[in-house]
Each structure stands twice: as structure tokens, then as C-alpha cells.
Amino acid sequence: MRTRSAKHLRPLRLWASLVGAFLLVLGLTSTAAYGRGLLAAPAAGQTLNWTAGDSIEHYASAPTTAVAGATTIVFENSAATGNTTGLPHTLTFDTSDPKYNHDAQVNILANPADAAGGRHSVEVTLTPGTYHYFCSMPGHIMMSGTLTVTAGGGGADTTAPTISAKVEGQKNADGAYVGSATVSVTAADEEGGSGIGSIEYAVGADGAWQPYTDPVVVDQVGAASVRYRATDKAGNAAAEKSVDFTVVAPSSDDTTAPETSATVSGEKDADGNYVGTATVTVTASDTGSGVNTIEYALGADGAWQAYTQPVAVDTVGAAVVRYRATDKAGNAAAEKSVDFTVVTPPAKDTTAPTVAAAITGSKNSYGAFISSATVTLTAEDAESGVASREYALDGGPYLAYTAPVIVDRVGAHTLAYRASDKAGNTSAAASAAFTVAESGGVPPPPCAEHDERLTVIVGTVDTGVPNRLTPNRCTINELIEDEREWTSQALFLKHVDGVLATLVGQNVIDQREQKKIAKAAKQSKIGLPGQTTGYKTIFDGTQASFDRWEHVGGGQMDLADGMMTVDPKVGGDLGMMWYPARQYENFSLKLQFRDDAPGTANANGGVFIRFPNPHDFPLESRPAWVAVNYGHEIQIFDSPSGDMYKTGSVYGFDRVGLAGAHPTTKGTWNDYEIRVKDQHFAMFRNGVLINEFDNNAGQVFDPPRSGDPGTDGRRNASGYIGLQNHSTNDLVSYRNVRIKELK
């Protein structure tokens with residue numbers, strides 16, 4: 001039996017977005033509630049209220065049921081509903097998942113600081129069924145739920161649907177269908193008005209029920225029966241019906257029986273016996289009229305049965321499985337068989353693994369770990385083998401252990417751990433206690449670049465001189481700054497001579513090494529015409545360079561002490577500082593960032609790349625969200641909890657875990673490089689490659705976000721650069737932003 005697929009229409013979300021943007025330009029729609037539908041709904045007969053507060057895991061309140069008809073949807077995210085941080089949320093109805101109704105266009109963005117004080121509404125018409133709603137803000141994945149809508153209209157639907165079926169195909173003189181028969185099922189729900197909920201069918205007296213979506217084609221020769229049934233949206237089920245008919249093979253010159261074979265699979269012992277279970281898979285082929293039936297039998301005298309799936313044999317001892325097949329012309333293959341032996345599996349593993357934790361790091365005189373501690377878990381199981389290791393930090397949930405755990409929060413900690421084996425045994429939880437202390441407040445070194453190569457290399461010239469640390473804790477390579485864009489060789493050589501004179505005076509290098517590095521600087525040709533291909537600084541901490549950037553969206557970023565930093569006093573939706581001077585194609589972008597979040601929290605930030613001009617973009621009216629939805633965000637987030645995308649992640653598409661992000665202590669400046677070549681991205685943190693991503697077509701945003709264009713909407717050949725301000729609590733500082741074009 002096979003089914004024929006029909007073509008399905010795809011939601012025209014892009015077309016709807018373009019029409020909405022066009023109407024907005026003409027002044028025909030309102031922006032008070034972002035994302036409301038294009039068609040006006042009738043006056044609402046019921047009001048449904050959602051509220052939100054500080055949580056990113058659930059709405060403060062939400063309805064679960066409603067009746068069909070005109071409805072006012074109200075969403076409030078304000079101080080009155082528990083929002084004390086200014087955090088924005090959305091109420092978004094899913095319009096892409098076929099499991100849910102998708103006829104209500106709801107996408108409301110609200111925050112306490114907006115013009116409406118965080119309270120918005122939109123009118124829609126609800127139909128019977130289930131709606132799925134969620135918050136589309138990045139990281140708010142758990143804020144979701146369903147709304148069940150029942151039929152309205154003043155009375156409950158108590159009448160089952162009416163159903164019928166029609167059999168079509170070529171018939172012979174006896175009324176049998178030649179080759180195949182096609183069964184079409186129809187259902188109607190005229191009384192009660194709730195509509196058809198589902199139609200199902202089953203082939204044969206014992207066949208499993210399946211959803212009916214297209215006419216059913218039956219091409220197995222012999223007597224056939226197709227059962228069918230339907231249920232309306234109010235839950236009324238029509239009585240099962242069936243149609244019976246016969247399929248005969250078309251006339252054929254086929255006189256050759258099918259070819260048959262069988263294979264046996266399963267775990268074997270040293271003697272070739274199958275341990276516990278053997279699985280027999282039978283195949284048949286016929287190039288003439290085609291295979292009609294395959295049968296098998298267990299043992300020498302077992303009854304023949306229809307073969308529909310591989311046969312599992314778990315009876316201990318010698319076994320035989322016989323098999324045969326016929327084609328549609330009636331030719332029968334000779335019976336064949338496979339012989340094998342099944343043996344009792346060894347005794348079940350009932351012993352849990354042994355697991356241990358090792359905690360490493362630098363300690364102070366009191367035994368506390370300075371800045372951070374690294375916990376490594378090991379486990380052993382001599383029987384079935386270790387399947388998994390887990391840990392829970394400070395009473396939190398158990399998490400899968402995949403790499404050493406870095407704990408850098410100051411204070412006392414307890415880490416519980418356990419392991420499971422492949423037989424399902426889990427060890428009793430053990431725990432380890434330790435303390436993390438402040439590092440002593442030593443500021444990071446004032447290095448303009450990050451370069452820990454073993455020798456001093458100027459441009460591409462390797463001097464062979466060891467790349468030593470200097471008294472200010474920068475390396476020699478970092479002080480030379482050969483990556484910077486030098487406008488003349490004279491300026492570069494003057495800078496190098498000054499650095500080398502200082503290093504000689506500090507006994508870091510001797511005069512012989514000084515001459516070798518000075519010679520390499522001349523040989524590098526840095527600063528000569530045609531060689532000024534280093535990094536161009538686009539933010540150097542001065543007011544003049546800060547003024548070349550523009551802020552869009554909510555919040556604010558300020559210039560303070562030579563860095564851009566998020567203003568904790570100015571709330572609103574997500575915002576961005578972007579560099580409008582020019583777009584970049586292939587490039588290496590370098591900058592430094594620092595996590596300045598208050599208390600024990602970690603700040604959420606990011607770097608936007610390859611996005612279109614955020615002003616007057618036809619598909620998105622909010623400038624900052626042009627970068628979110630039509631560019632890529634390279635994440636900055638070192639928290640052990642919260643959003644699953646950590647530093648180095650390509651947000652929504654390529655996830656980096658905390659260990660892979662190489663987190664550092666809060667308050668530490670980090671070097672960040674984002675290298676983009678065509679559609680390949682590489683992210684480096686403090687000189688270490690932490691992620692690579694290919695921006696291929698067809699990738700979807702995860703977790704799903706209504707209306708998101710996926711990578712298909714983000715495969716730009718060029719675009720702008722931006723720095724994110726996420727919220728008033730996500731205090732991230734940026735400095736020393738520079739970029740180099742790549743060929």
C-alpha cells in the first residue's frame with residue numbers, strides 16, 4: 001500500500017511583511033502594537049489577558065481556554081504586573097507549526113518604559129482548536145503555552161460528522177480492480193458547527209489507524225478492506241465504516257518467481273551465537289509483475305505469517321526461520337530458511353559506576369581557590385561501561401558533564417556529582433565543597449593587541465627572539481602593535497624604536513636582540529604605500545571616534561574612561577551602537593569587552609555583523625531588530641545559567657557551551673576577534689579559536705521564533721558592524737574596536 005502526496009501551500013510570511021511595510025509607509029496601519037494582523041477583526045466579544053514580570057521562564061498570568069469568536073488580546077508587562085527591571089517581553093502567536101491554529105496574528109512587544117506603559121491590545125477572531133503562544137525575545141525560550149478554543153455560538157456541538165468513501169480504478173469483467181484501487185474519504189460536520197477535527201483510515205481488519213491526508217492507493221493483489229472514521233473539533237466521533245473490494249494483477253507474461261534473501265543481525269559471542277536476541281530481515285524483489293506477499297514461519301512446523309517488519313527471535317537454543325514470497329502474477333518463490341543459535345545473555349550489571357571529582361587551581365594561604373576553580377569528573381564501570389556523568393552546582397539541577405567545570409563566582413560552593421552505566425545503574429550522589437576567593441584586584445595588562453606567539457614576529461618576519469613578558473605584563477609582540485594601521489613607515493619605525501629602547505632599559509632584551517627586531521621592522525615594509533593593510537581603529541576611546549557611531553533602539557550607551565559602556569539608568573527595549581560610516585565584506589574585527597554586571601550576575605551582550613542599514617528597512621520597523629533578524633549576533637555571555645548560548649555562539653544557530661567559551665573572571669578585559677570570509681565565520685577569544693560557523697542556507701533559528709527568516713534572510717555578502725546593549729542590568733563595556741579588510 002502506498003499513499004500519494006498532495007502539494008501544500010506554504011505561509012506567505014515574507015509577502016505579508018512586505019505588504020505591512022508598504023501600508024505603514026502610506027500611514028494605513030498603526031505601530032502601537034508591533035506585529036498586529038493586516039486585516040481588521042470585528043468588534044471583540046471577549047477579552048483575554050496575559051501579564052509578564054521579571055521572569056524569563058514564564059508569563060505572570062495567562063488564560064488557558066476561550067470560546068471561538070471576536071476577541072481582544074491584552075498583554076501587559078509593567079511595574080503593576082511585577083516587572084522591576086525594565087526587561088522587554090513579547091506575546092507572540094505561533095503561525096508556522098501545523099499542529100496549531102495559525103489564523104490569529106498576534107506579536108505584541110511591551111516594556112514598562114514604552115509609550116503605553118507596557119499595556120497593549122490587539123483584536124483578533126479565534127476559531128475552535130489550539131493556539132501556541134511564546135515570547136520571542138532571545139533567551140526567553142521557556143515563556144510559552146497553549147490556548148484551547150472551543151466552539152461558541154450559544155450551544156455545544158453534540159452531533160458527529162457524516163463520512164463516506166469512494167473506490168476508483170480500472171475494473172475487469174468481474175468487478176475487481178486491475179493493478180490498484182484508490183479510496184477517497186470525505187467528511188462533513190454541518191450540524192453543530194465545530195468543524196472536522198480529524199479523519200483517519202486503516203487498511204485491513206487489523207491495520208493501524210493513520211491520519212487521512214490524501215487518497216489511499218491499495219495495490220496488493222487479493223481481497224482488501226479500508227476502514228475509515230472522523231471526529232469533529234467538539235470531540236464527537238462518527239461510527240467506523242469500511243469499503244471492501246478485490247485487486248487483481250494486470251495481465252502479464254511474468255513466469256519468474258521473486259528473488260528472496262534473509263539476513264540475521266544482533267550481538268554475537270565468541271562462538272558466533274546471538275546473545276539474547278537475533279533479528280531476521282527478509283527481502284524480496286521481482287522485476288516482472290512485482291512482489292505481492294512475503295511470508296515467514298518460525299521453526300520447522302510453525303504457521304506461515306505475513307512479513308511486515310524484521311522478526312526478533314529471543315527463545316534460547318537452535319532456531320530456524322523459513323521464508324517465501326509470491327509476485328502479482330501468482331509465481332511463488334521456493335521456500336528458504338536461515339539457521340542460528342540464541343544463547344542466554346550474561347548476568348545483568350547491577351553495580352553502579354565509581355565516580356570521583358578533582359578540583360584544581362591556584363590557592364591562597366587559606367586554601368581558597370584564587371579567581372576560579374576547575375572541577376574534573378572521572379568515572380569507571382568494569383561491567384557494562386560508563387554511559388554518562390552529571391553534576392549539580394550549589395543545589396541547582398543536574399547537568400550533563402562533557403568538559404571540566406569552571407567555577408569563578410566568589411564564595412563557598414558545593415558541587416554534587418554522580419554517574420550512570422549502560423545498564424541503567426546510577427551511583428549515589430557525592431559532593432565536594434570548596435571556596436573561590438577574589439584575585440586581589442590586579443587590573444588586566446594595558447595591551448592593545450593579544451599575541452602570545454613564542455617568538456617576536458613583525459609583520460611576517462620572524463626574528464627568533466623569544467616573545468617575553470614585559471614589566472607591564474604585555475608581550476613584546478603586543479607592544480610592537482604591528483597589526484595596527486600605520487600611515488607611514490617612518491611613524492611605525494619611530495614607534496618600534498621607542499618600544500625597543502624601553503625594553504633594553506628594563507633588561508627585557510639585549511642590544512643584539514634590539515638590532516634584530518629593528519631590522520625586522522624595516523623588512524616588514526609596514527607603513528609603505530600598498531602595505532597599509534593593518535587594522536583600522538574605528539573606536540579609540542575619544543569623543544571624536546565615539547561620535548562617529550550611532551545608537552538605535554532602547555537603552556543607551558555612554559562614553560566613559562575611553563570605553564563604550566551600557567547606561568544602567570536608561571531602560572527600554574534592546575538597543576545597539578552601530579558604525580554607519582561604511583559596510584564591510586570580508587574582514588577581521590577585533591575589540592575588547594568586559595563584563596561589568598552588578599552583584600553576582602553575568603552580563604549579556606554581543607557583536608552584530610553583516611546586517612543591512614537599520615533605517616527604513618522594509619521588513620522590520622525597529623532599527624535595532626534589523627540587526628537581530630537580518631544580521632548575525634556573535635554572543636557575549638559567561639553565565640553558568642540562563643541563556644544556553646554562551647560567548648562565541650552565533651545566536652540562534654551555532655551554540656557554544658560555557659566550557660567552550662573559555663570564560664574569565666568578571667571585570668577582566670577580553671580580546672575578541674570575529675573573522676568573516678564569504679559565509680564562514682571564526683571566533684577567537686584571547687587568541688584561542690572557540691567557534692567556527694558556516695552560514696549555509698536552510699538553517700532555522702533555534703529555539704523557533706515566529707517569523708524569523710533563518711539563515712536564508714542573513715546570507716548577506718556585506719553589512720554593518722554593531723555593539724549590543726541588552727538591558728539595564730547587562731552592563732558590558734567595549735573598547736579598542738578595530739577592523740581589517742580581508743581579500
Side-chain angles (χ1 to χ4, degrees), residues 1-3 176-177 179-181 183 200-210 216-227 240 242-250 252 254-348 423-424:
M1 186 273 290
R2 66 181 187 273
T3 59
Y177 291 89
S180 66
V183 181
E200 297 175 294
Y201 76 95
V203 178
D206 303 317
W209 289 101
Q210 305 177 58
V216 180
V217 178
V218 179
D219 58 5
Q220 182 170 316
V221 171
S225 176
V226 173
R227 296 174 288 134
E240 174 188 318
S242 65
V243 288
D244 302 311
F245 51 91
T246 299
V247 176
V248 296
S252 172
D254 181 9
T255 59
T256 304
E259 293 287 337
T260 59
S261 62
T263 58
V264 186
S265 59
E267 180 187 353
K268 289 184 178 182
D269 63 14
D271 298 322
N273 300 315
Y274 290 89
V275 179
T277 303
T279 300
V280 180
T281 303
V282 180
T283 58
S285 61
D286 188 273
T287 58
S289 58
V291 175
N292 192 48
T293 62
I294 305 175
E295 297 176 295
Y296 76 96
L298 298 175
D301 303 317
W304 289 100
Q305 305 175 59
Y307 176 88
T308 58
Q309 61 185 7
V311 180
V313 179
D314 56 9
T315 302
V316 173
V320 60
V321 174
R322 296 173 290 131
Y323 57 94
R324 65 188 185 187
T326 61
D327 63 18
K328 293 180 180 179
N331 303 301
E335 175 187 317
K336 294 181 182 179
S337 66
V338 287
D339 304 280
F340 50 91
T341 299
V342 177
V343 296
T344 303
K348 184 179 179 181

Engineer: Could you tell me whether E240 atom CD has more than 12 heavy atoms of other residues or ligands within 6.0 Å of it?
Structural biologist: yes
Engineer: Partners of E200 by salt bridge (Lys or Arg N to Asp or Glu O under 4.0 Å), sequence neighbours excluded?
Structural biologist: R229
Engineer: Please report the closest heavy-atom contact between A224 and V218, naming both atoms and the distance.
Structural biologist: CB-CG1, 4.2 Å
Engineer: Would you confirm whether N273, through its side chain, and V343, through its main-chain N or O, come within 3.5 Å as a donor-acceptor pair?
Structural biologist: no
Engineer: Give the table of side-chain donor-acceptor pairs shorter than 3.5 Å for residues 327-334, with sequence neighbours excluded, one pair per line with atom names and distance.
Structural biologist:
unit_1	atom_1	unit_2	atom_2	d
D327	OD1	A329	N	3.1
D327	OD1	G330	N	3.0
D327	OD1	N331	N	2.8
D327	OD1	N331	ND2	3.4
D327	OD2	N331	ND2	2.9
K328	NZ	D219	O	3.1
N331	ND2	D254	O	3.1

Engineer: Without placing hydrogens or testing angles, list every side-chain donor-acceptor pair under 3.5 Å for residues 297-309, not counting sequence neighbours.
Structural biologist:
unit_1	atom_1	unit_2	atom_2	d
Q305	OE1	Y296	OH	3.3
Y307	OH	V282	N	3.0

Engineer: Could you tell me which non-hydrogen atom of D206 sits nearest to which non-hydrogen atom of R227, and how far apart they are?
Structural biologist: C-NH2, 3.9 Å
Engineer: Would you name the heavy atoms of F340 and A278 that are closest together and state the gap between them?
Structural biologist: CE1-CB, 3.6 Å
Engineer: Report yes if some heavy atom in the side chain of Q220 is under 4.5 Å from a heavy atom in the side chain of V247; otherwise report no.
Structural biologist: no
Engineer: Side-chain donor-acceptor pair under 3.5 Å between T279 and S265, yes or no?
Structural biologist: no
Engineer: Tell me whether the count of non-hydrogen atoms from other residues, nucleotides or ligands lying under 6.0 Å of CG in D244 goes above 12.
Structural biologist: yes
Engineer: At what distance, to the nearest 0.5 angstrom, does CD of E259 lie from CG of D286?
Structural biologist: 9.0 Å
Engineer: Mind listing the closest non-hydrogen atom pair of Y201 and V203 along with its distance?
Structural biologist: CE1-CG2, 4.0 Å
Engineer: How close do S180 and V217 get, counting heavy atoms only, and between which atoms?
Structural biologist: CB-CG1, 4.1 Å
Engineer: Check T260 against A325 and note the closest heavy-atom contact, atom names and distance.
Structural biologist: CG2-CB, 3.7 Å
Engineer: Flag the pair P346 / V275 as yes when at least one side-chain heavy-atom distance between them is below 4.5 Å, and no otherwise.
Structural biologist: yes
Engineer: Nearest 0.5 angstrom please: I294 CD1 to T283 OG1, how far?
Structural biologist: 7.5 Å
